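Nothing here was measured: the structure is a model prediction, and the numbers come from that model. Naming: A, B, ... by sequence-line order, numbering from 1 per chain.
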There are 2 protein chains.
Amino acid sequence: MLKLAILGFLYDRPLHGYELRRHLSALTGHVRPISDGTLYPAIKRLETAGLLVRETEPGTAAAPRHTLHLTEAGRTALRDRLREPEPLDISDENRWFTLLAFLRHLADPAAQAAVLRRRLAFLAEPASFFYEGERPLGAEEFADPFRRGLLLVARATSEAELGWLHATLAELGEPAAE
Amino acid sequence: MLKLAILGFLYDRPLHGYELRRHLSALTGHVRPISDGTLYPAIKRLETAGLLVRETEPGTAAAPRHTLHLTEAGRTALRDRLREPEPLDISDENRWFTLLAFLRHLADPAAQAAVLRRRLAFLAEPASFFYEGERPLGAEEFADPFRRGLLLVARATSEAELGWLHATLAELGEPAAE
DNA sequence: CGACCATACCTCGACGCCGAGGTATAGCGG
DNA sequence: CCGCTATACCTCGGCGTCGAGGTATGGTCG
């Protein structure tokens with residue numbers, strides 16, 4: 001997820017580590033703040049993999065800033081990742097949101113629509129949180145207000161997203177089902 | 001999160017590993033399937049910490065089943081965790097949902113309400129995903145349909161949950177603000 | 001002028017998670 | 001009786017994340 005977000009932000013324009021950190025914490029920071037000890041090794045991994053290059057800017061600020069540029073391989077890696085996301089990118093809301101934040105970089109509307117359809121298929125799967133044997137339990141069946149709330153909120157989210165998905169697929173000139 | 005879920009399920013009644021796995025995958029499995037390599041070490045950690053005991057049941061099934069029982073320390077640990085959740089339990093939706101699933105084990109309505117109020121405070125914080133300098137960007141300001149959707153869905157979820165939180169706090173006989 | 005904070009980068013050990021692999025029995029269909 | 005699947009448990013290496021720590025400069029305030 002971090003890799004995806006780094007590539008996504010750098011796709012727009014080069015940034016140095018600290019700027020990147022601020023962008024990242026705006027995107028996912030209220031949910032899960034990312035720490036230096038996570039970010040810098042991640043940058044280094046991407047550098048080693050040849051997806052970005054660091055250019056030292058001996059300059060304005062205190063420490064020598066390293067401006068991070070995506071390489072052509074990095075740009076391709078982002079587009080590939082967006083075009084064919086891992087299952088977890090589709091199912092985990094945090095990762096899906098990260099993916100959505102950069103999906104516009106996949107220039108082809110048909111490819112974008114294909115990704116949205118995968119999320120649609122995932123949301124359409126019947127999935128409850130609790131079962132009695134085989135039978136899924138609905139929100140109404142709980143006396144427990146907390147489990148009821150859990151199911152209620154999940155359902156509301158799911159409905160809002162389904163509505164948006166259908167509207168956006170139509171907007172892209174793509175049918176919801178293939 | 002796994003620790004919380006294991007303690008939560010075992011609080012209701014003893015289970016053996018395999019049953020536990022099925023409960024866990026119903027609760028969080030559609031989002032992030034949990035693997036054996038995660039579950040069994042987690043059980044062992046809880047055992048080492050004295051929060052649960054394993055009782056071998058030489059019996060019915062194929063392999064000797066270990067029925068897992070919470071100890072008194074385990075029951076206390078769950079209640080403590082529920083009473084004073086970590087920040088991530090409040091902010092991360094996956095973890096928050098897990099917490100909600102077991103919040104009823106905190107018998108005291110005032111303590112339950114205090115936890116709900118923490119979530120309320122978190123949701124009330126103004127938090128956007130994207131900024132232009134200092135200014136948060138609203139959904140309407142994006143031409144990009146994906147970022148617009150991201151903000152729209154996040155807002156819908158947030159509103160549904162706020163509604164439920166207020167209703168449930170009232171139901172518990174507790175004001176939304178202290 | 002010293003205290004303090006923001007900027008900017010980096011390292012390290014600990015720890016949890018994952019996937020891939022392994023072991024073994026029970027039950028079913030062919 | 002063989003192969004298959006479900007049940008049930010476990011280990012291991014690899015990897016990503018985290019928190020705590022360190023280093024250094026520039027700007028602001030009293």
Side-chain angles (χ1 to χ4, degrees), chain A residues 1-7 14-25 28-29 31-49 51-68 81 86-89 91-92 94-95 98 133-134, chain B residues 1-7 14-25 28-29 31-49 51-68 81 86-89 91-92 94-95 98 133-134:
Chain A
M1 202 187 75
L2 189 52
K3 178 182 170 184
L4 176 60
I6 294 174
L7 293 178
L15 298 167
H16 54 265
Y18 213 70
E19 278 180 307
L20 191 52
R21 207 159 81 89
R22 275 198 274 100
H23 279 90
L24 288 169
S25 65
T28 59
V31 169
R32 178 183 288 275
I34 85 114
S35 69
D36 274 11
T38 305
L39 177 59
Y40 286 100
I43 291 174
K44 200 169 280 182
R45 280 197 300 277
L46 294 177
E47 195 189 12
T48 311
L51 303 185
L52 60 81
V53 288
R54 263 193 283 198
E55 261 148 49
T56 309
E57 251 183 52
T60 39
R65 300 206 285 195
H66 300 288
T67 308
L68 310 168
R81 171 77 175 262
E86 294 164 30
L88 242 66
D89 291 330
S91 66
D92 184 306
N94 294 333
R95 291 175 69 147
T98 307
E134 292 294 291
Chain B
M1 201 186 75
L2 190 51
K3 177 183 169 181
L4 176 59
I6 293 175
L7 294 178
L15 298 168
H16 54 266
Y18 212 70
E19 278 180 308
L20 191 53
R21 206 159 82 88
R22 276 199 274 97
H23 279 92
L24 288 168
S25 65
T28 59
V31 169
R32 178 181 288 273
I34 84 113
S35 71
D36 274 11
T38 306
L39 177 59
Y40 286 100
I43 291 174
K44 200 170 281 183
R45 280 197 299 277
L46 295 177
E47 197 190 9
T48 311
L51 304 185
L52 59 83
V53 288
R54 264 193 283 199
E55 261 147 50
T56 310
E57 250 182 52
T60 39
R65 299 205 286 194
H66 301 288
T67 308
L68 310 168
R81 172 76 175 264
E86 294 162 31
L88 242 66
D89 291 330
S91 66
D92 184 307
N94 294 334
R95 292 175 70 145
T98 306
E134 292 294 292

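Summarising the geometry, the separation between CZ on A:R21 and P on C:dA8 is reported as 10 Å, rounded to the nearest angstrom. D:dT7 atom C1' lies 16 Å from atom NE2 of B:H23, rounded to whole Å. One interatomic measurement links the two molecules: CG of A:L2 to C1' of D:dC15, which rounds to 14 Å at whole-angstrom precision. Distance CE (B:M1) to P (D:dT17): 16 Å, rounded to an integer number of Å. What separates CZ of B:R32 from C1' of D:dT17 is a distance of 12 Å, to the nearest Å. Distance CG (A:L24) to C1' (C:dA8): 15 Å, rounded to an integer number of Å. Taking atom CZ of B:R22 as the reference point, atom C1' of D:dA6 lies 10 Å away to the nearest angstrom. Atom CG of A:L39 is separated from atom P of C:dC12 by 17 Å (rounded to the nearest Å).
Across C:dC17, C:dG19, D:dG16, the shortest atom-to-atom separation from the side chain of A:R45 is found for D:dG16.
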Every protein N/O within reach of nucleotides 10-12 of chain D N/O, cut-off under 3.5 Å:
residue	atom	partner	partner atom	Å
D:dC10	OP1	B:R54	NH1	2.8
D:dC10	OP2	B:R54	NH1	3.1
D:dC10	N4	B:D36	OD2	3.1
D:dT11	OP1	B:K44	NZ	3.2
D:dT11	OP2	B:K44	NZ	2.5

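The two atoms that bring A:A42 and A:L2 nearest to each other are CB-CD2, 3.7 Å, heavy atoms only. Among all heavy-atom pairs drawn from B:V31 and A:L88, the shortest one is O-CD1, 4.1 Å. Residue B:P41 comes nearest to B:D36 through the heavy atom pair CD-O, 3.7 Å, listed as atom of the first residue, atom of the second, then distance. The two residues A:E47 and A:R54 make their nearest non-hydrogen contact at OE1-NH2, 2.5 Å. Here the shortest heavy-atom pairing between B:Y40 and B:Y18 reads OH-N, 4.2 Å.
A donor-acceptor pair under 3.5 Å is formed between the side chain of B:S25 and the backbone N or O of B:R22.
Each end of the helix from C:dC1-D:dG30 to C:dG30-D:dC1 gets its own axis from five base pairs, and the two axes differ in direction by 30°, given to 10 degrees.
Looking at A:L52 and A:L7, their side chains never come closer than 4.5 Å, going by heavy atoms from C-beta outward.
With rounding to the nearest 0.5 Å, the separation of OG1 in B:T48 from CZ in B:R45 is 9.0 Å.
A sub-4.0 Å separation between OP1 or OP2 of D:dA8 and a side-chain N or O of B:H16 is present.
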query: Can B:N94 and B:T28 be said to form a side chain to side chain contact (heavy atoms under 4.5 Å, CB included), step by step?
result: CA-CA 8 Å; B:N94 294 334; B:T28 59; over 6 Å; no

